[in-house]
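One-based numbering, in listed order, for ligands and for the atoms of each. This chain uses plain numbering: 1 for the first residue, then up along the sequence.
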Amino acid sequence: MRISIIGAGIMGLSTAFEFASAGVEVDLIERHQGPGLGCSFLAGGMIAPWCEVESAEPLVCNMGQEALHFWTSDVPVATRQGSLVLAAARDRPELNRFSRLTSHYKRLDGAELALLEADLQGRFSEALFFPEEAHLDPREATRALAERLAAMPNVKLHFGVDVSDPADVPADWIIDCRGLAGRGALPDLRGVKGEMLVLRTQEITLARPIRFLHPRFPVYIVPRGDGRFMIGATSIENEEEGRITARSMVELLSAAMTVHPAFGEAEIIETGAGLRPAFPNNLPRFRIEGRMVRANGLYRHGFLLAPPVARRLRRTILEGAYFPEVMDVDSRERQRA
Ligand SMILES: Cc1cc2nc3c(=O)[nH]c(=O)nc-3n(C[C@H](O)[C@H](O)[C@H](O)COP(=O)(O)OP(=O)(O)OC[C@H]3O[C@@H](n4cnc5c(N)ncnc54)[C@H](O)[C@@H]3O)c2cc1C
């Protein structure tokens with residue numbers, strides 16, 4: 001069996017890895033000159049299934065736990081030091097709300113928080129600590145996946161190839177993982193704008209991601225090593241790509257400076273804005289049409305959900321398994337027909 005996968009974002013790479021690991025011949029075709037240069041390039045990389053339940057379906061938590069295993073065992077690029085949730089004293093109700101909606105956390109006082117993150121000493125009187133969560137650098141993760149694929153004899157990587165119509169690609173199965181670029185075949189797919197920036201400072205050390213709650217502008221800070229911190233991300237229901245607005249920049253920076261004033265002296269080394277591919281329910285799914293599969297809709301959870309979705313996709317194609325939670329309702333019927 002030969003499978004062609006279009007798009008080497010996190011969905012395409014995870015899918016290629018699943019099929020290739022099962023011994024299938026895989027062609028992975030990407031229009032950019034390397035992997036992970038689309039929407040996946042901008043992600044924060046929190047592998048935080050329990051925190052996500054605050055605003056996502058329980059399915060995200062269940063599948064996210066599979067991703068924790070994937071990123072710490074199968075392709076071990078994640079750092080598992082837990083994650084922290086903080087709020088300014090005036091936003092304490094936000095922290096209480098978050099705690100009511102989530103599980104698998106410990107409530108810390110200021111002294112316990114300082115034992116975990118010395119640079120936050122005296123800054124917050126309480127925090128939520130999710131000890132089992134992890135984080136990764138998405139660029140390192142996509143690179144690592146591509147390197148693993150390049151080393152497999154049954155995989156061919158084709159970079160710099162723009163596929164105008166996936167249906168024309170010769171293969172037993174074609175898997176369309178083009179992200180938002182695949183919306184022509186998926187009319188209910190929409191783009192949700194996300195903006196981020198990367199700061200560099202040697203004045204602050206953090207070992208784990210921080211979610212900073214705010215009633216209007218929740219923000220996260222993800223340490224990337226070498227004094228770099230990804231600050232993200234806005235979530236805006238419009239499809240304007242490519243630029244960060246002045247308002248978003250101010251909000252992200254002001255939240256970062258509330259977490260630690262030394263961020264005010266940091267160097268801004270990168271800004272970015274992209275469109276997350278999302279279905280109306282903000283959950284991923286794949287649709288099977290003949291020998292074509294469309295896998296999409298990762299929304300805010302690319303690195304959290306791509307590995308478990310890819311695993312279900314592989315089991316559907318190779319074993320005839322059925323996963324209603326991620327399959328288009330009538331996919332199976334079409335497959336039978
Ligand atoms: C600011 C921001 C922050 C985010 N933070 C997080 C986070 O913390 N954690 C998380 O898990 N997710 C996060 N996300 C979401 C995550 O980035 C997406 O869910 C994920 O990247 C979608 O992956 P994908 O593979 O479907 O799409 P993409 O990464 O866009 O990949 C699609 C690929 O297909 C290629 N392609 C398109 N058309 C063609 C063609 N015709 N021929 C060949 N190749 C083609 C593209 O070049 C691209 O490489 C964030 C997103 C944004 C914008």
Query raised in the report: Under the 3.5 angstrom rule, does the side chain of R208 hit a backbone N or O of Q81 as a donor-acceptor pair?
Result: yes
Report summary line: The atoms of ligand 1 lying under 4.0 Å from a heavy atom of H32, numbered in the order shown, are 47 (O)
Requested in this report: Within a distance under 4.0 Å of any heavy atom of F303, pick out the atoms of ligand 1 and give their elements.
Outcome: 10 (C), 11 (O)
Query - Ring geometry between W71 and F303 (parallel below 30°, tilted from 30 to 60°, perpendicular above 60°) - result: tilted
Query - Donor-acceptor under 3.5 Å (K193 side chain, R243 main chain) - result: yes
Query raised in the report: Are the side chain of R211 and the backbone of V219 linked by a donor-acceptor contact shorter than 3.5 Å?
Result: no
**Report entry** Pi-cation contact, F279 with R285 (under 6.0 Å, within 45°)
**Finding:** yes
Query raised in the report: Does N296 reach the main-chain N or O of G179 with its side chain, forming a donor-acceptor pair under 3.5 Å?
Result: yes
Query - salt bridge (Lys or Arg N to Asp or Glu O under 4.0 Å) partners of R300, counting only residues at least two apart - result: E52
**Report entry** Of N154, I317, L28, the residue whose pairing with F19 passes side chain to side chain contact (heavy atoms under 4.5 Å, CB included)
**Finding:** I317
**Report entry** Check: G225 main-chain N/O paired with R228 side-chain donor or acceptor under 3.5 Å
**Finding:** yes
Query raised in the report: For atom 43 (C) of ligand 1, which protein heavy atom lies nearest, and how many Å away is it?
Result: R31 N, 3.3 Å
Query - N or O pair under 3.5 Å between D162 and ligand 1 - result: yes
Query raised in the report: Do Y220 side-chain atoms and P209 backbone N/O form a donor-acceptor pair below 3.5 Å?
Result: no
Query raised in the report: Would you say ligand 1 has an N or O under 3.5 Å from any N or O of L275?
Result: no
Query raised in the report: Aromatic rings F70 and F17: how do their planes relate, parallel, tilted or perpendicular, breaks at 30° and 60°?
Result: perpendicular
Report summary line: Here the atoms of ligand 1 under 4.0 Å from any heavy atom belonging to L304 are 11 (O)
Query raised in the report: Hey, which atoms in ligand 1 end up nearer than 4.0 Å to a heavy atom of L42?
Result: 1 (C), 2 (C), 3 (C)
Query raised in the report: Can you check whether F263 and F229 have ring centres sitting under 6.0 Å from each other?
Result: yes
Query raised in the report: At what distance is the nearest protein heavy atom to atom 14 (N) of ligand 1, and which residue and atom is it?
Result: A43 CB, 3.7 Å
**Report entry** Numbered atoms of ligand 1 (with element) below 4.0 Å of C177, judged on heavy atoms
**Finding:** 32 (C), 33 (C), 34 (O)
**Report entry** Heavy atom of the protein closest to atom 7 (C) of ligand 1 (residue, atom name, distance)
**Finding:** G44 N, 3.3 Å
**Report entry** Nearest option to atom 33 (C) of ligand 1, as decided by whichever heavy atom of E30, R276, K193, M11 sits closest
**Finding:** E30
Requested in this report: For atom 29 (O) of ligand 1, grab the closest protein heavy atom and report residue, atom and distance to one decimal in Å.
Outcome: S40 OG, 2.5 Å
Query raised in the report: Which ligand 1 atoms does G45 reach within 4.0 Å, using its non-hydrogen atoms?
Result: 7 (C), 8 (O), 9 (N)
Query - Protein contact to atom 16 (C) of ligand 1 [nearest heavy atom, distance to 0.1 Å] - result: Y299 O, 3.9 Å
Query raised in the report: Can you tell me which residue and heavy atom of the protein come closest to atom 10 (C) of ligand 1, and the distance to 0.1 Å?
Result: R300 O, 3.2 Å
Report task. Please confirm whether V161 comes under 4.0 Å of ligand 1, counting heavy atoms of the residue only. Result -> yes
Query raised in the report: Does a donor on one side chain sit under 3.5 Å from an acceptor on the other, for N282 and R190?
Result: yes
**Report entry** Atoms in ligand 1 with a heavy atom of G9 nearer than 4.0 Å
**Finding:** 25 (O), 29 (O), 31 (O), 33 (C), 49 (O)
**Report entry** Verdict with reasoning, R183 to E239, per side-chain contact (heavy atoms from CB on, under 4.5 Å)
**Finding:** CA-CA 13 Å; R183 70 193 312 184; E239 299 199 341; 2.9 Å; yes
Query raised in the report: What protein heavy atom sits nearest atom 27 (O) of ligand 1, and how far off is it?
Result: G179 CA, 3.7 Å
Query raised in the report: Against heavy atoms of A181, which atoms of ligand 1 measure under 4.0 Å?
Result: 37 (C), 38 (N)
Report summary line: Checking heavy-atom distances from atom 17 (O) of ligand 1 to each of G302, G232, C39, A306, the winner is C39
Query raised in the report: Looking at ligand 1, does any of its N/O atoms fall within less than 3.5 Å of an N/O of I10?
Result: yes
Requested in this report: Decide whether the shortest distance between a heavy atom of Y220 and an atom of ligand 1 is less than 4.0 Å.
Outcome: yes
Query raised in the report: Considering only the protein, which heavy-atom contact is closest to atom 34 (O) of ligand 1, and what is its distance?
Result: G7 CA, 3.2 Å
